[in-house]
Amino acid sequence: MATPPRVRFAPSPTGYLHIGGARTALFNWLEARRDHGRFVLRIEDTDRERSTVESVQAILDGLRWLGLDWDEGPEVGGPYAPYFQTDRLATYRAAADRLVAEKKAYLCYCTKEELEERRKVFERQKRPYKYEGTCRNRTEPVPGRTAVVRFRMPDSDETVTFEDRVIGKISKQSSDLDDFVMLRADGIPLYNFGAVVDDHGMEITLVIRGQEHINSTFPQLLVYRALGWKTPDFAHLPLILGPDREKLSKRRHPEADVMLHRKNGILPEALLNFIVRLGWSHGNEEIISREQMVQWFGFDHVGSTSGVWNPEKLLWLNQHYLKTLPEADVAQRLLPFLAQRGVDAAGDPRLPRVVVALRERSKTLVEMAELARPFFVRPEMDPKAVAKHLDDTGRVMLRKAREALSPVTPWAASGIDPVLKALSESEGVGMGKVAQPIRVAVTGSTVSPPIGETLELLGKDETLERIDAALR
RNA sequence: GUCCCCGUCGUCUAGAGGCCCAGGACGCUGGCCUUUCAAGCCGGUAACACGGGUUCGAAUCCCGUCGGGGACACCA
């Protein structure tokens, strides 16, 4: 507690920001914000085959959309720069050289083909693969080959243990580990080495990551020890599972894409709220603002059981935020969704009122935009709605309604509703018989806010014109 | 297969030995409200994986079984 924590989110830029990554980033961010610490963003771009600059951008965009700002990292710099691993190769080389000199690591000349061959043999024998140490005691280079650097596991078996902030004590036998590759021949580090060198170099005090990394913690711990470095604390977060109960992955779960949710009209507030409750809780609280998260967050209430993605709850939260955020704010965010549907409502004074009228009937901005469209442009008519409500009797009622409506002034729900009510009474029919034909005539569908409100928002001229058009 | 982690309603979870014949939320569902669709309000449904211990007492501690997931690369 004495020194503020330094935490980091270290994604590899091999695709868009996914939900699991976003949640890891969020927990790191919360930990840093709560405790006046620093949130570092480091890009682990050491997989040159798959890393792309587009992915880096996609990840930064995703984090920004969620409002997870980083104190150090790409585009903002910081005292431990650079923050891209491929810009830090000299550091890894130096650490690796030292380990080799101290015989805690060694040069390995085995080829990938040879290793692949051995791996197959192990597989056939149904034994877990482990590097066999072919080069462990080699003293001379193999001509014509370049060497990778391997970590030398302890000769005698021992128990490697650490105290996880979420799970508690976790241990493993070192004999279950093998001499893993730390550095490729071209000097680019592999995860278990690069992460350690950087976490130490960047003075990270707490490593927060997903449970899929528990097993890689053990070799990393041995690297810290070999280098004589103090180890950070670890907190392994429970996994997020897809509906099939398997780890949420880009390959099989489209909902793993953070930006897909944005496209689907989900608000970042809702996504964050949903994600934070997957694995963390604060009593019975369900609706949790960003400020409250920062205030309440702590690892004592992070659970250790995996959570399943639950789209209905996300939608429920989304509607909650749609209903409670200031309407001007929601209106602003709705604009691009309207634009996609050919509606330019920017600056239209009715927009915030339309938002208020629609937010309790929309779960997403997409739904809201669709319901909002008829208020700004002539709608296409839903044939089923027309057939049902604008049949002969419907049209007769619509004509009468039009006559009753035309003298109404001023044009407001408070004046419109009594007129329609009176009509339904004089005709001896329910309000539905009166309102539905009008609703279909002006919005093209059977669903809209209360009829008086709908007509008021639409305006008198537009209302009467649409009724006339429907009557034609 | 080996190793690691996990196991409370369908789902997210509260629960840190008696407050629990288990609470909240989403979903589903009955009702109310109602001019549509919603929203809202009231009610219902549904869980401590199983078996042994420890204890006066266990969802909570220990062991085992079963189940689920994760990791086993010159990916991260």
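Residue numbering restarts at 1 for every chain, and letters A, B, ... go by the order of the sequence lines. Values below: all heavy atoms of this structure, side chains included; hydrogens, waters and symmetry mates excluded.
Put simply, H301(A) has a side-chain N or O that comes within less than 4.0 Å of OP1 or OP2 on G15(B). A close approach under 4.0 Å does not occur between any side-chain nitrogen or oxygen of R245(A) and OP1 or OP2 of G10(B). Between S445(A) and C37(B) there is no side-chain N or O to OP1 or OP2 distance below 4.0 Å.
Contacts of S448(A) with the nucleic acid, taken as non-hydrogen atoms under 4.0 Å apart, include base atoms. In this structure, L115(A) reaches the bases: a heavy-atom distance under 4.0 Å links it to at least one base atom across the strands shown. G430(A) comes within contact range of no nucleotide atom at all, as no heavy-atom separation falls under 4.0 Å.
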Ignoring hydrogens and angles, write down the donor-acceptor pairs under 3.5 Å from the side chains of residues 298-315 of chain A, residues two or more places apart or on other chains.
from	atom 1	to	atom 2	distance (Å)
N310(A)	ND2	E312(A)	OE1	3.0
K313(A)	NZ	E286(A)	OE1	3.0

Show me the donor-acceptor pairs within less than 3.5 Å that the side chains of residues 357-364 of chain A make with the rest of the protein, sequence neighbours left out.
from	atom 1	to	atom 2	distance (Å)
R359(A)	NH1	L322(A)	O	3.0
R359(A)	NH1	L325(A)	O	2.8
R359(A)	NH2	E327(A)	OE1	3.4
R361(A)	NH1	A357(A)	O	2.8
S362(A)	OG	L358(A)	O	2.7
K363(A)	NZ	Q319(A)	OE1	3.3
T364(A)	OG1	V366(A)	N	3.2
T364(A)	OG1	E367(A)	N	3.0

Using the 3.5 Å cut-off, write out each protein N or O paired with an N or O of nucleotides 18-24 of chain B and the distance between them.
from	atom 1	to	atom 2	distance (Å)
G23(B)	N2	N284(A)	OD1	2.7
G24(B)	N2	E286(A)	OE2	2.7

N/O-N/O pairs, protein side and nucleotides 40-50 of chain B side, under 3.5 Å:
from	atom 1	to	atom 2	distance (Å)
G40(B)	OP1	K323(A)	NZ	2.9

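With sequence neighbours excluded, the residues satisfying side-chain hydrogen bond (donor to acceptor under 3.5 Å, both in side chains) with E114(A) are R145(A). Applying the salt bridge (Lys or Arg N to Asp or Glu O under 4.0 Å) criterion to D382(A), with sequence neighbours excluded, gives no partner residue. With sequence neighbours excluded, the residues that form a ring pair (Phe, Tyr, Trp, His ring centres under 6.0 Å) with H200(A) are W229(A). For Y129(A), there are no side-chain hydrogen bond (donor to acceptor under 3.5 Å, both in side chains) partners, not counting sequence neighbours.
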- Message: Run L398(A) and V440(A) through side-chain contact (heavy atoms from CB on, under 4.5 Å) and show every step you take.
- Response: CA-CA 10 Å; L398(A) 185 58; V440(A) 173; over 6 Å; no
- Run the numbers on I170(A) and T161(A) for side-chain contact (heavy atoms from CB on, under 4.5 Å), then give the verdict. CA-CA 6 Å; I170(A) 307 179; T161(A) 303; over 6 Å; no
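Between U36(B), C74(B), A76(B), one nucleotide has an atom nearer to the side chain of R119(A) than all others, and that is C74(B). Taking the side chain of L278(A) as heavy atoms from C-beta on, and the options A76(B), C12(B), G1(B), the nearest nucleotide is C12(B).
Across every strand in view, U34(B) sits unpaired, with no contact that passes the Watson-Crick or G-U test at under 3.5 angstrom. Across all strands shown, G70(B) is found opposite C3(B) as a Watson-Crick or G-U wobble partner, with both distances under 3.5 Å.
With the nearest nucleotide of RNA chain B identified for both G452(A) and L183(A), G452(A) has the one nearer the 5' end. Heavy-atom nearest nucleotides on RNA chain B were determined for I167(A) and for D244(A), and the one closer to the 5' end corresponds to I167(A).
Using a 4.5 Å heavy-atom cutoff, the side chains of Y131(A) and L177(A) are not in contact.
Checked options R136(A), R152(A), R150(A); the residue passing with D179(A) is R136(A) (criterion: salt bridge (charged side-chain N to carboxylate O under 4.0 Å, His left out)).
Legend: salt bridge (charged side-chain N to carboxylate O under 4.0 Å, His left out) pairs involving residues 236-249 of chain A, not counting sequence neighbours, sorted by first then second residue: D244(A)-R252(A), E246(A)-R252(A). Applying the salt bridge (charged side-chain N to carboxylate O under 4.0 Å, His left out) rule to pairs touching residues 411-424 of chain A yields nothing, sequence neighbours excluded.
Donor-acceptor pairing under 3.5 Å is recorded for the side chains of R439(A) and S448(A).
The stretch residues 355-364 of chain A touches RNA chain B through E360(A), R361(A), K363(A), each having a heavy atom within less than 4.0 Å of the strand. Of the residues in residues 206-218 of chain A, those with a non-hydrogen atom less than 4.0 angstrom from any atom of RNA chain B are Q211(A), E212(A), H213(A), I214(A), N215(A).
Using a cut-off of 4.0 Å between Lys/Arg side-chain N and Asp/Glu carboxylate O, E116(A) and K112(A) are scored as not salt-bridged.
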